[in-house]
Amino acid sequence: MSISSEHKALGKQVTSSLHMLSPIVELNVGGEMYTTTLSTLKKHPGSKLAEMFTGQPKLRTDSEGRFFIDRPGTYFKYILEYLRSNQVPTQCIQDVYKEALFYDIEPLIKQLEDSPQIFGELVARRQFLARVPNYSENIELMIRIARAEAVASRQSSVIVCVVRTEEDAARCQDALNSLDMDKKSVVKFGPWKAVPSISDLLDCIQMDVEAKGYKISFQPHVAEKGFRFKSHDFFYKFLFTWW
């Protein structure tokens with residue numbers, strides 16, 4: 001038999017095995033074992049999860065013959081609870097939301113997006129940060145600077161300038177020039193057109209850097225040279241602690 005014929009035969013076997021699939025299905029999801037019904041898994045026909053068990057899905061099995069899905073198994077129980085009883089999870093919302101997106105279960109996605117946690121992140125915080133120019137790039141720049149200065153040190157620091165308005169940016173320019181002359185790296189955030197304050201943005205910066213696994217804190221940066229305004233109104237020192 002040729003290789004192409006073998007592939008065709010294998011495809012027919014897979015399709016046939018799915019048509020003959022028991023209504024009771026055993027799953028291995030990232031090492032967590034689950035038993036459910038085929039109808040539960042296919043409850044939402046347009047979802048990726050349903051497609052896994054429809055037609056000719058790309059399913060693998062473990063050594064015990066259970067269908068294997070290479071996803072975090074801990075949160076799959078919440079997915080099953082929803083499919084079985086339409087119960088929207090109240091725990092691990094962010095993680096369950098990621099899984100709902102992966103399995104493309106649209107009704108669950110929409111209901112989770114109405115939850116305070118996801119709504120606040122997607123509609124409030126992310127929409128605000130989208131109005132802060134180069135926010136994500138600046139977060140990565142902060143981390144690169146901190147890592148470069150971490151050699152043989154317990155802590156490294158990054159100076160951050162946060163300006164909410166064009167007027168504030170103009171007021172800070174002399175200070176920025178002075179720091180540049182002293183060869184001190186400064187990461188500048190802003191200005192932006194949105195309600196949140198400088199304090200809100202500082203909290204976001206800390207939150208997003210910590211989400212990447214870093215231990216970080218911040219405090220007002222006291223300038224060594226005198227400026228025509230209080231430097232701590234716009235300049236902050238972020239401390240990365242390495243050990």
Side-chain angles (χ1 to χ4, degrees), residues 3-4 6-127 129-130 136 139-140 143 204 207-215:
I3 294 177
S4 59
E6 289 179 357
H7 281 300
K8 290 180 180 179
L10 180 59
K12 290 179 180 178
Q13 290 174 10
V14 173
T15 306
S16 176
S17 64
L18 287 167
H19 286 314
M20 298 170 61
L21 201 59
S22 168
I24 306 301
V25 180
E26 292 188 348
L27 300 172
N28 177 346
V29 185
E32 298 282 340
M33 310 307 165
Y34 294 95
T35 302
T36 186
T37 65
L38 188 59
S39 60
T40 295
L41 297 171
K42 298 172 66 174
K43 184 173 182 179
H44 297 285
S47 69
K48 183 176 179 179
L49 183 60
E51 290 177 358
M52 289 180 180
F53 297 90
T54 304
Q56 296 185 31
K58 298 177 181 179
L59 290 173
R60 291 174 289 174
T61 56
D62 64 13
S63 60
E64 300 296 323
R66 293 174 289 234
F67 289 111
F68 179 74
I69 302 176
D70 194 13
R71 294 293 296 180
T74 305
Y75 311 112
F76 190 72
K77 65 181 179 181
Y78 300 109
I79 299 293
L80 275 184
E81 284 179 8
Y82 177 76
L83 294 174
R84 288 166 175 163
S85 60
N86 290 324
Q87 180 178 341
V88 179
T90 57
Q91 301 178 53
C92 307
I93 300 296
Q94 297 282 355
D95 294 302
V96 177
Y97 179 67
K98 292 177 184 177
E99 296 310 296
L101 288 173
F102 173 78
Y103 293 114
D104 195 22
I105 304 174
E106 192 65 30
L108 178 56
I109 292 171
K110 290 181 178 179
Q111 291 184 67
L112 287 173
E113 287 179 348
D114 284 337
S115 69
Q117 298 94 323
I118 304 298
F119 179 87
E121 175 67 16
L122 293 180
V123 176
R125 199 177 84 93
R126 287 193 190 178
Q127 288 297 316
L129 295 178
S136 296
I139 293 291
E140 295 300 328
I143 293 172
C204 287
M207 184 186 309
D208 289 328
V209 173
E210 287 179 339
K212 294 179 179 292
Y214 295 92
K215 185 177 181 181

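For clarity, every value in this text was computed on a predicted model and none was experimentally measured. All residue numbers in this chain count up from 1 along the given sequence.
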field: Straight-line distance of Asp62 CG to Phe68 CZ, nearest 0.5 Å
entry: 8.0 Å

- line: Smallest heavy-atom separation, Ala100 atom then Leu112 atom, equals CB-CD1, 4.1 Å

- prompt: So how far is it from Phe119 CZ to Ile93 CD1, rounded to the nearest 0.5 Å?
  reply: 15.0 Å

query: Would you call Thr35 and Leu27 a side-chain contact if the rule is heavy atoms closer than 4.5 Å?
result: no

- prompt: Can you check whether Ile69 reaches Arg60 side chain to side chain, under 4.5 Å on heavy atoms?
  reply: no

field: Nearest non-hydrogen partners of Val88 and Gln111, listed with the distance
entry: CG2-OE1, 3.0 Å

message: I'd like to check the salt bridge (Lys or Arg N to Asp or Glu O under 4.0 Å) partners of Arg125; sequence neighbours left out, ordered by chain and number.
response: Glu121, Asp208

field: side-chain contact (heavy atoms from CB on, under 4.5 Å) involving Ser47 - partner list, sequence neighbours excluded
entry: His44, Leu49, Ala50, Ile105

message: Glu210 vs Lys215, test: side chain to side chain contact (heavy atoms under 4.5 Å, CB included). Steps then yes/no.
response: CA-CA 6 Å; Glu210 287 179 339; Lys215 185 177 181 181; over 6 Å; no

- prompt: Can you list every pair that meets ring-ring contact (aromatic ring centres under 6.0 Å, His included) and has a residue in residues 75-98, with sequence neighbours left out?
  reply: Tyr34-Phe76, Phe76-Tyr103

statement: Residues pairing under salt bridge (Lys or Arg N to Asp or Glu O under 4.0 Å) where one sits in residues 90-119, two or more places apart or in two chains, turn out to be Arg71-Glu99

- prompt: Which pairs count as salt bridge (Lys or Arg N to Asp or Glu O under 4.0 Å) when at least one residue sits in residues 33-48, sequence neighbours excluded?
  reply: none

query: Roughly how far, to the nearest 0.5 Å, is the NZ atom of Lys77 from the OG1 atom of Thr36?
result: 15.0 Å

message: Do Leu129 and Ser136 have side chains that approach each other closer than 4.5 Å (heavy atoms only, starting at C-beta)?
response: no

query: Side chains of Ile143 and Tyr214: does their closest heavy-atom pair fall under 4.5 Å?
result: yes

message: Measuring from atom CZ of Arg66 to atom CE of Met33, what distance do you get when rounded to the nearest 0.5 angstrom?
response: 4.0 Å

- prompt: Does the side chain of Met52 come within less than 4.5 Å of Leu41's, by heavy atoms?
  reply: no

query: Do Ile139 and Lys212 pass the side chain to side chain contact (heavy atoms under 4.5 Å, CB included) test, and can you show the C-alpha distance, the side-chain angles, and the key distance before you say yes or no?
result: CA-CA 10 Å; Ile139 293 291; Lys212 294 179 179 292; 4.0 Å; yes

field: Those residues that, when tested against Thr37, pass side-chain contact (heavy atoms from CB on, under 4.5 Å) (two or more places apart)
entry: Ile24, Ser39, Thr40

